[in-house]
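Side chains are part of it too, since the values below use all heavy atoms of this structure and drop only hydrogens, waters and symmetry mates. This chain uses plain numbering: 1 for the first residue, then up along the sequence.
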Amino acid sequence: MTTLSYDVIVVGGGNAALVAALSAHEAGARTAILEAAPKAYRGGNSRFASAAFRIVHNGMEDIEPLIHPDWKYLAKRARLVPFTKERYANEMLETSRGHCDKEAMHVMFDHSYDTVKWMRDQGVRWKLALSKFFSEDQITQDVVDINPGLCLIADNEGIGLTDNLWAAVEKSSIDAHYSSPAYDLITNGDNILGVRTRQKDGFVDFKGQVILACGGFEASPRLRRQYLGQGWDLAKVRGCRYNTGTMIENAISHGAQATGHWGGCHAVPVDHNAPAVGDLRLTDKTSRYSYPFAIMVNKDGQRFVNEGENTFELTYAAIGEQIAKQKEAVAFQIFDQKVLKTLEPRYSTATPVVDDTLEGLAQKLGLNVKQFVDTVREFNAAVPKTGQFDPFHLDGLSTGTKLAIPKTNWAQAIDQGPFVAYAVTCGITFTYGGLKTDPYAHVLNNEGEKMPGLWAVGEISGGFFAFNYPGAAGLVKGAVFGRLAGQAAARRAKDQNRA
Ligand SMILES: Cc1cc2nc3c(=O)[nH]c(=O)nc-3n(C[C@H](O)[C@H](O)[C@H](O)COP(=O)(O)OP(=O)(O)OC[C@H]3O[C@@H](n4cnc5c(N)ncnc54)[C@H](O)[C@@H]3O)c2cc1C
């Protein structure tokens with residue numbers, strides 16, 4: 001058995017892990033990263049992400065200095081109001097129905113801006129998210145309002161984010177061990193002494209303070225079936241294949257406390273032909289988030305959600321589950337010619353079904369033709385006759401109380417053929433249940449006490465999100481707590497080395 005000693009051991013190779021490792025290294029710790037994936041597939045779900053970061057800010061005066069010089073020109077076309085703690089807190093409380101960890105949430109708000117600034121100094125290139133959700137030529141106004149919660153994105157998205165963080169790791173003296181899945185904590189009672197990895201030629205023990213940053217259990221069909229329920233074992237996985245919950249189960253078996261919404265997950269509409277597990281050639285390009293400007297129907301030709309309840313980033317993470325509940329876990333987003341220009345650029349990765357008539361479209365899609373045509377007619381009869389469609393804001397174009405399932409914004413008649421349909425299914429992003437920590441990422445045991453030498457950051461920690469999620473809060477959560485845990489673990493290692 002080989003044993004290697006470090007000050008700080010970081011388990012995982014995604015955003016939370018890389019930030020934690022860089023932070024521990026900056027604080028003077030001899031640091032190692034244990035990544036389950038081989039080098040070519042390092043980076044976890046973070047590599048697949050759009051890499052938008054939802055941070056607290058005071059408007060363009062805060063954001064402009066973060067933007068990489070290559071992208072400053074876009075700032076001239078954008079108007080940006082502040083994104084306040086109060087607004088963020090309301091979103092977190094509403095989306096989680098009050099089940100988020102309120103103390104930890106405020107720690108995240110307080111550190112979100114400084115953390116992305118620090119990441120810029122580590123080499124992450126930031127830009128405005130303006131051209132992600134609309135292509136530059138879709139923006140016809142000289143100046144547009146950008147969504148203040150969804151304004152910051154890494155250049156080249158998750159690939160750029162993780163490449164730049166890994167580049168910073170490689171420039172440092174941090175040791176990266178690939179194909180090194182952790183499978184057991186080395187403990188003495190509640191004290192964590194290190195972690196055991198399973199490698200090709202045997203087990204290797206790593207001694208030091210342990211930061212677990214190895215994701216949720218979304219890539220395990222067994223745990224999905226066990227905790228999320230029937231049908232979830234067969235769901236498409238949007239990200240990497242490595243987040244199988246091994247260290248969640250292992251830490252719990254050593255006395256760590258489980259917390260949060262174990263029956264819930266972040267799941268979104270994805271292309272019906274998306275691969276079973278994320279493909280790095282496609283990353284997030286199979287996501288289908290333009291449904292607020294469409295209607296969505298199931299195989300019976302019936303609507304089943306309020307497509308316009310809010311801007312997409314406050315509804316999309318809960319809509320995947322609604323699609324999963326439909327027959328064959330399939331739905332169809334139906335657009336007419338009026339709104340086609342609002343489609344996110346990534347729809348170009350699929351070939352839609354198109355027909356001049358609603359009947360013809362329904363036949364091609366294999367829907368109940370009469371029911372589908374009735375659904376569209378009923379919908380068209382309920383849309384308001386006045387008002388201005390505005391894809392950049394909640395426009396209040398609502399069907400009101402005329403339909404059993406209303407559409408409360410962007411409700412326009414589907415009446416200008418040819419009609420266009422995209423088939424979608426449910427794709428799981430990450431799970432909400434995980435390890436219980438204090439508000440600074442220190443893992444707590446079943447009795448509510450800190451487990452000395454153990455931190456959990458990123459999606460392995462539970463109790464932060466439930467039911468739904470404000471878009472782009474996942475990466476900032478991982479980065480903020482990763483940075484804090486890296487500092488705390490380095491401090492503890494220093495104290496132990498001194499003693
Ligand atoms: C398509 C897509 C788009 C997204 N877009 C956004 C977005 O724009 N903004 C946002 O905030 N969030 C987004 N997310 C969510 C975001 O990616 C996650 O919240 C974030 O990546 C979680 O980071 P993490 O470091 O906790 O986990 P990950 O990045 O998944 O990293 C986990 C790491 O742990 C490793 N690992 C797993 N098990 C072990 C083990 N036993 N031993 C060692 N290593 C192990 C994995 O290989 C991986 O490297 C998106 C996700 C997807 C899939």
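- For Trp166, the side chain to side chain donor-acceptor pair (under 3.5 Å) test picks out no residue, with sequence neighbours left out.
- With respect to the salt-bridge test (charged N to carboxylate O, under 4.0 angstrom), the residues Asp163 and Arg47 qualify.
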Step by step, work out the side chain to side chain contact (heavy atoms under 4.5 Å, CB included) result for Leu4 and Val204. CA-CA 8 Å; Leu4 300 173; Val204 178; 4.2 Å; yes
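- Using a 4.5 Å cut-off on side-chain heavy atoms (C-beta onward), Glu218 and Asn45 make contact.
- Residue-environment remark: CD (Gln496) exceeds the threshold of 12 foreign heavy atoms within 6.0 Å.
- Open room surrounds CD on Gln230; 12 or fewer heavy atoms of other groups in view lie less than 6.0 Å from it.
- Surrounding NZ of Lys171 are at most 12 heavy atoms belonging to other residues, nucleotides or ligands under 6.0 Å away.
- Side chains of Gln209 and Trp455: no donor on one and acceptor on the other come within 3.5 Å.
- Contact check on Asp114 versus Lys117 returns no salt bridge, with no Lys/Arg side-chain nitrogen under 4.0 Å from an Asp/Glu carboxylate oxygen.
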| Can Arg225 and Ser220 be said to form a side chain to side chain contact (heavy atoms under 4.5 Å, CB included), step by step? | CA-CA 9 Å; Arg225 175 67 184 84; Ser220 164; over 6 Å; no
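- Using modelled atom types, no side-chain atom of Ser253 and backbone atom of Ala251 make a donor-acceptor pair closer than 3.5 Å.
- In summary, the side chains of Asp155 and Trp71 do present a donor paired with an acceptor at a separation below 3.5 Å, with no hydrogens or angles considered.
- For Pro269 against Tyr316, the heavy-atom pair with the smallest separation is CD-O, 3.8 Å.
- Checking Tyr291 against Thr315 by side-chain atom types alone, a donor-acceptor pair falls below 3.5 Å.
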Check your understanding: Could you go step by step and tell me if Phe217 and Glu249 meet the side chain to side chain contact (heavy atoms under 4.5 Å, CB included) rule?
Key -> CA-CA 9 Å; Phe217 59 84; Glu249 289 194 300; over 6 Å; no
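- Checked by atom type and distance alone, the side chain of Arg346 pairs as donor or acceptor with a backbone atom of Asp284 at under 3.5 Å.
- Gln122 and Asn164 share no side-chain donor-acceptor pair at under 3.5 Å.
- Side chain of Thr425 to main chain of Ala329: a donor-acceptor pair is present (N/O by atom type, distance under 3.5 Å, no hydrogens or angles).
- A donor-acceptor contact shorter than 3.5 Å links the side chain of Asn409 to the backbone of Gly308.
- Residue Leu185 holds its CG atom at 11.0 Å from CD1 of Ile252, rounded to the nearest 0.5 Å.
- Between the side chains of Arg222 and Thr244, no donor-acceptor pair of N or O atoms lies under 3.5 Å.
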Next on the checklist: Determine whether Glu344 and Ser290 satisfy the following criterion, side chain to side chain donor-acceptor pair (under 3.5 Å), listing intermediate values before the conclusion.
Outcome noted: CA-CA 6 Å; Glu344 285 189 352; Ser290 297; 4.9 Å; no
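- For Phe53 and Tyr113, the gap between ring centers reaches or exceeds 6.0 Å.
- The shortest side-chain heavy-atom distance between Leu228 and Arg224 falls under the 4.5 Å cut-off.
- Distance alone, capped at 3.5 Å, places no donor-acceptor pair between the Glu157 side chain and the Ile153 backbone.
- In this structure, the side chains of Leu152 and Trp126 come closer than 4.5 Å at one or more pairs of heavy atoms.
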Before you tell me yes or no, could you show the steps for His177 and Thr197 under side chain to side chain donor-acceptor pair (under 3.5 Å), namely the whole-Å CA-CA distance, both residues' side-chain angles and the distance that decides it to 0.1 Å?
CA-CA 10 Å; His177 300 263; Thr197 61; over 6 Å; no
All N/O donor-acceptor pairs, side-chain side in residues 187-196, below 3.5 Å, sequence neighbours left out:
{"residue": "Asp190", "atom": "OD2", "partner": "Asn445", "partner atom": "ND2", "Å": "2.6"}
{"residue": "Arg196", "atom": "NE", "partner": "Asp205", "partner atom": "OD1", "Å": "2.7"}
{"residue": "Arg196", "atom": "NH2", "partner": "Asp205", "partner atom": "OD2", "Å": "3.0"}

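- Within the 4.5 Å cutoff, the side chain of Leu22 has heavy atoms near those of the Val169 side chain.
- With sequence neighbours excluded, the residues that form a side chain to side chain donor-acceptor pair (under 3.5 Å) with Glu91 are Arg54.
- In terms of heavy-atom proximity, Asp7 sits nearest to Asn497 at OD1-ND2, 3.1 Å.
- One finds the CG atom of Leu484 at 8.0 Å from the OH atom of Tyr440 (value rounded to the nearest 0.5 Å).
- Between Phe465 and His266, the ring center distance fails the sub-6.0 Å criterion.
- Separating the CG atom in Asp110 from the CE atom in Met105 is a distance of 10.5 Å, to the nearest 0.5 Å.
- Gln257 and Asn446 share no donor-acceptor pair across their side chains, judged by distance under 3.5 Å alone.
- Shown here for Asn15 and Leu165, the closest heavy-atom pair between the two residues is OD1-CD1, 3.9 Å.
- For Arg30, the CZ atom is densely surrounded, since the number of other residues' heavy atoms within 6.0 Å is greater than 12.
- Inter-residue side-chain proximity for Leu128 and Ile146 is flagged as met; some heavy-atom pair is nearer than 4.5 Å.
- No hydrogens or angles considered: nothing links the side chains of Thr246 and Arg198 as a donor-acceptor pair under 3.5 Å.
- Applying the 6.0 Å contact sphere to CZ of Arg97 captures no more than 12 heavy atoms from other residues, nucleotides or ligands.
- Counting only distance, with no hydrogens or angles, the side chain of Lys450 and the backbone of Leu444 share no donor-acceptor pair below 3.5 Å.
- If you look at Tyr88 and Phe83, their ring centroids are closer than 6.0 Å.
- Across Arg87 and Pro148, no two heavy atoms sit closer than the pair NH1-CG, 3.4 Å.
- Taking each heavy atom of Cys151 and His57 in turn, the nearest pair found is SG-NE2, 3.6 Å.
- At a threshold of 4.5 Å between non-hydrogen side-chain atoms, the residues Cys240 and Phe48 count as touching.
- With Tyr227 as reference, Trp262 is the one residue of Trp262, Trp232, Tyr432 to meet the ring pair (Phe, Tyr, Trp, His ring centres under 6.0 Å) rule.
- Side-chain atoms of His442 come within 3.5 Å of backbone atoms of Met451 as a donor-acceptor pair (strictly under, hydrogens ignored).
- Glu64 contributes no side-chain N or O that, together with a main-chain N or O of Lys72, makes up a donor-acceptor pair within less than 3.5 Å.
- Within the cation-pi definition used here (under 6.0 Å to the ring centroid, within 45° of the axis), Arg42 does not qualify as a partner of Tyr178.
- Side-chain contact, Asp175 with Tyr6: a donor N or O sits under 3.5 Å from an acceptor N or O.
- A donor-acceptor pair is defined here as one N or O able to donate and one able to accept, closer than 3.5 Å; such a pair exists between the side chain of Glu35 and the backbone of Gly43.
- Using a 4.5 Å cut-off on side-chain heavy atoms (C-beta onward), Met296 and Val305 make contact.
- Taking both residues in full, the closest heavy atoms of Tyr242 and Pro38 are given as OH-CD, 3.4 Å, listed atom of the first, atom of the second, then distance.
- Looking only at side-chain heavy atoms (C-beta outward), Ile460 and Asn243 stay at 4.5 Å or farther from each other.
- For Arg288 (side chain) and Lys285 (main-chain N/O), a donor-acceptor pair under 3.5 Å exists by modelled atom type.
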*side chain to side chain contact (heavy atoms under 4.5 Å, CB included) between Ile211 and Val11, intermediate numbers included*: CA-CA 6 Å; Ile211 301 176; Val11 180; over 6 Å; no
